[in-house]
Asks: 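Starting off with a structure, shown below.
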Amino acid sequence: MASKHIQALSTQSLLRVISRVSARQNTAAATAVRCIASPVATRLHSSTPSSSCVTVTAREVRPRLVQKVRQPGRILCGGVRWSTESATGSKIWSFEEVQNLPSNVTLIDVREPGEIRQTGRIPGALNIPITTSPDSFHISEEEFEDRFGFARPNPNENEEQEVVLYCKAGVRSRAAAGIAREAGWKKVGEYPGSWVEWSGKGGKIER
Ligand SMILES: O=S(=O)([O-])[S-]
């Protein structure tokens, strides 16, 4: 009963955010919301997520995401770059830097598995789909491994370790970086050029 109550509230507030942003904001912002928030809202409607999942998605992530997409010119979906500095404080990685990743850096693709099946991925990237599994950075290590079949990278384990997140055009990876930081991860980086830039510039593809 309690979780149904939380789910209903969260879904409603999330949908309110979506409709407000979609109605008032420019195309880029609306696109950003469509990229992340709408699929999550659908998921909240169709399943009973854990309470941590609801807390992360509806009450923390979405409002922050919306604040970010409201900053004109900072987030543009569909291949346009954002400004050099990440609002989350992430280290920003360029195409050339991702091509020559040091061995202490783990690359994480936060797109959905279906997208990756269609396009391939940057060689060596792990997949943590942030839209359908926004709680991935908060669940236990055991649950994570059961869900994804590999151990969750832990950039806090040693000082040298870093992660770099990417998606299609940099929107979801920014949201994911914020979630990871909230979960206590340090040394979180983003590749805002993401798949659009990687494939556009002829980066190597792993299928
Ligand atoms: O969210 S997105 O930049 O991958 S379209």
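Ligands are counted one by one from 1 in listed order, and the atoms in each one are counted from 1 as well. Quantities reported herein were computed from a predicted structural model and do not represent experimental measurements.
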Asks: Hey, is Glu115 close enough to Arg172 for a salt bridge, meaning N to O under 4.0 Å?
Replies: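 Answer for the salt bridge query: yes.
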Asks: Can you classify the ring geometry of Trp195 versus Tyr166 as parallel (below 30°), tilted (30 to 60°) or perpendicular (above 60°)?
Replies: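 Ring orientation, 0 to 90° scale: parallel.
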Asks: Would you mind listing which atoms of ligand 1 come within a distance below 4.0 Å of any non-hydrogen atom of Ala169?
Replies: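 Here the atoms of ligand 1 in question are 2 (S), 3 (O), 4 (O).
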Asks: Under the 3.5 angstrom rule, does the side chain of Ser133 hit a backbone N or O of Ser136 as a donor-acceptor pair?
Replies: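 No, because the side chain of Ser133 does not come within donor-acceptor range (under 3.5 Å) of the backbone of Ser136.
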Asks: Suppose we call two aromatic rings close when their centres sit under 6.0 Å apart. Are Phe150 and Phe144 close by that rule?
Replies: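 Phe150 vs Phe144: aromatic centres under 6.0 Å.
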Asks: Only heavy atoms count here, so choose which of Glu112, Arg172, Arg174 is nearest to atom 4 (O) of ligand 1.
Replies: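 Looking at heavy atoms only, Arg172 sits closest to atom 4 (O) of ligand 1.
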Asks: Regarding ligand 1, does Cys167 bring an N or O atom to under 3.5 Å of one of the ligand's N or O atoms?
Replies: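 Among all N and O atoms of Cys167, none is under 3.5 Å from an N or O of ligand 1.
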Asks: Going by the atom numbers of ligand 1, which of them fall below 4.0 Å from some non-hydrogen atom of Gly170?
Replies: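 Answer for ligand 1: 3 (O).
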